[in-house]
Amino acid sequence: MFALVDVNNMYVSCERVFRPSLIGRPVVVLSNNDGACIARSNEAKDLGVRMAQPWFEVRHLERSAGLIALSANFELYGDMSSRMMSLAAAYAPLQEIYSIDECFLDFDGMPGDRVAVGCDLRAKVLRWTGLPTSVGFGATKTLAKLANHVAKTADRKPSSYPHALAQVCDLGQLPAPALEAVMQATEVGNVWGIGHKTTARLNQGGIHSVLDLVRADATILRRQFSVVIEKTILELRGTPCMEVNDAPAANQQIMCSRSFGSPVTELPELVEVVSQFASQVARKLREQGCVAGAVQVFITTSSYRQQDRHHAPSATLPLPHPSADTRVLVSAAVRALRSIYRPGFNYVKAGVMLVDLQSPGQVQDTLDLFGADEPGPPPAQGRTGLMSAMDALNERFGRQAVTVASATRKDGPSAHASRQERRSPRYTTRLEEIVTVRA
DNA sequence: TCTGGGGTCCTAGGACCC
DNA sequence: TCTGGGGTCCTAGGACCC
């Protein structure tokens with residue numbers, strides 16, 4: 001038996017913990033660059049704000065409906081998340097942290113009233129962190145996700161699931177006819193793993209509800225789609241195909257990408273951005289204790305601007321010796337950038353990705369038959385001293401305290417600097433931004 | 001004027017092997 | 001003129017997740 005614990009409207013809920021005046025009001029949290037809505041309060045959803053909807057499209061609701069928009073404050077959300085996760089972990093022997101606001105718990109073999117356990121968990125997380133959660137139980141992870149969806153929806157629109165308890169739902173306790181009624185009442189697109197494209201194709205084939213999918217021929221659908229949908233169907237029927245994974249493997253890639261505050265056309269400014277991104281991913285790489293075998297860089301023009309010529313090149317540069325050294329990675333990234341850059345385009349976004357990640361122990365140097373002029377030191381070892389010192393300085397004095405020269409500005413403000421005009425204080429991680437209480 | 005960022009997994013197709 | 005079959009590995013692209 002699995003549980004899925006999920007914070008309701010996570011980012012908005014985090015903001016509300018420290019600004020209770022936001023409770024009951026329509027609130028959205030904006031993506032980097034204040035570009036799109038990435039979290040919505042129930043009130044904002046009721047105003048019709050869609051997930052990932054561009055801010056400029058709903059901005060008029062600020063005046064007409066009192067919509068409040070905040071810039072994303074990931075430092076705050078990350079810290080709130082770890083508090084919530086550690087509370088949830090105590091309720092089961094196994095926890096898988098699935099995303100910043102969700103975790104699976106494996107309740108296998110645990111006796112007792114699960115709904116009561118779920119309610120207790122909810123109450124504790126709410127009391128200790130201020131975050132409201134929903135808890136769903138099911139015989140498989142997919143059913144637990146479905147139960148969670150039911151729990152949330154039953155809270156917002158009680159009429160849609162008359163039998164379900166708001167905020168805590170155990171599908172395992174429902175008698176078969178009631179379970180079928182729930183599945184009949186739920187659109188297939190709400191199932192974990194069934195996205196936009198698949199939903200459209202399923203609908204064409206006459207599959208609209210979860211119940212339709214459960215009763216469909218899994219073998220035929222596997223042929224039409226992929227093995228993923230077959231597993232999903234089996235899981236919905238109660239056959240577990242996925243386990244709770246409490247020790248997730250290290251990342252296979254590390255990325256840093258961002259859209260710019262305004263378009264960039266000149267190479268020097270792109271060099272600066274790409275150097276900054278490469279420094280960031282290098283730091284993350286060292287945190288994970290890995291080295292990268294290749295660096296990938298992309299730049300892109302806007303796919304929305306019809307009047308601009310579109311150009312979205314990318315390049316991958318293998319490293320002769322896998323490395324976690326900022327200087328090595330920055331210089332590779334800049335070389336890759338120079339190879340793909342073409343003048344005269346309005347670039348709106350860039351990214352640097354580290355791939356072919358390995359732990360230093362298992363590093364296999366690329367055999368370099370013709371690189372005799374390039375002596376092959378073991379960089380993973382030789383440069384850790386400098387990199388550790390740099391990381392320590394940046395930890396203490398701020399992210400950009402020490403960095404490579406190409407990542408710094410020579411003249412004037414950067415066009416690529418992203419807008420973040422509505423960010424709340426980082427209450428829980430910066431002493432200078434802590435809440436002030438007035439007597 | 002203004003449209004997120006960071007990941008995973010699966011599949012098809014090409015290159016290559018004997 | 002005639003042009004195999006079975007396998008692996010890699011990559012690019014697509015779909016999905018939050």
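So you know, we letter chains A, B, ... as the sequences are listed, proteins then strands, and number each from 1.
Within the 4.0 angstrom heavy-atom criterion, only backbone atoms of the sugar-phosphate kind lie near A:Ile194; the bases stay farther away. Among the atoms of the strands shown, none is found under 4.0 Å from any heavy atom of A:Phe225. Looking at heavy-atom distances under 4.0 Å, A:Asp34 makes no contact with the nucleic acid at all.
Using a 4.0 Å cut-off between charged nitrogen and carboxylate oxygen, A:Glu230 and A:Arg237 do not count as a salt-bridge pair. Between A:Asp391 and A:Arg283, no side-chain nitrogen of the basic residue sits less than 4.0 Å from a carboxylate oxygen of the acidic one, so the salt-bridge criterion is not met.
With rounding to whole Å, A:Arg201 atom CZ is found 8 Å from C:dA15 atom P. Protein atom CE of A:Met10 is 16 Å distant from nucleotide atom C1' of C:dC17, rounded to whole Å. Atom-to-atom, CE of A:Met84 to C1' of C:dC18 comes out at 13 Å; the value is rounded to the nearest Å.
Residue A:Ser226 has its side chain nearest to B:dC10 when only C:dC16, B:dG6, B:dC10 are considered. When distances run from any side-chain atom of A:Lys231 to the nucleotides C:dC18, B:dT8, B:dC10, the shortest one goes to B:dC10. The listed nucleotides are C:dC18, B:dG4, B:dG7; the one nearest the side chain of A:Ile38 is B:dG4. For A:Trp192, the listed nucleotide lying nearest its side chain is C:dC18; candidates were B:dG4, C:dC18, B:dT3. Here the side chain of A:Glu57 is nearest to one of C:dC17, B:dT3, C:dC16, namely B:dT3. For A:Gln253, taking side-chain heavy atoms from C-beta onward, the closest of the listed nucleotides B:dG5, B:dT8, B:dG6 is B:dT8. Distance from the side chain of A:Thr198 is smallest for C:dC16 among the nucleotides C:dC18, C:dC16, B:dT8. Of the listed nucleotides (B:dG4, B:dC10, B:dG6), B:dG4 has the atom at the smallest distance from the side chain of A:Asn32.
Checking A:Asp325, A:Thr326, A:Asn251, A:Leu357 one by one against A:Leu285, the side-chain contact (heavy atoms from CB on, under 4.5 Å) holds for a single residue, A:Leu357.
Note: A:Phe107 and A:Tyr91 fail the aromatic proximity criterion, with ring centroids not under 6.0 Å apart.
Heavy-atom minimum distance, A:Asn394 versus A:Ala401: OD1-N, 3.2 Å.
In terms of phosphate contacts, A:Lys349 brings a side-chain nitrogen or oxygen within less than 4.0 Å of OP1 or OP2 of B:dG5. Phosphate proximity of B:dC2 to A:Arg305: present, with a side-chain N or O under 4.0 Å from OP1 or OP2. Distances shorter than 4.0 Å separate some side-chain N or O of A:Ser257 from OP1 or OP2 on B:dG6. Checking the phosphate oxygens (OP1, OP2) of B:dG4, no side-chain nitrogen or oxygen of A:Gln53 falls inside 4.0 Å. Side-chain N/O atoms of A:Lys197 include none lying less than 4.0 angstrom from OP1 or OP2 on C:dG13.
Stem regions annotated for DNA chain C: B:5-18 with C:5-18, counting only runs of 3 or more consecutive pairs of Watson-Crick or G-U type with both contacts under 3.5 Å.
Near DNA chain B, defined here as any heavy-atom distance below 4.0 Å, there are no residues from residues 329-342 of chain A.
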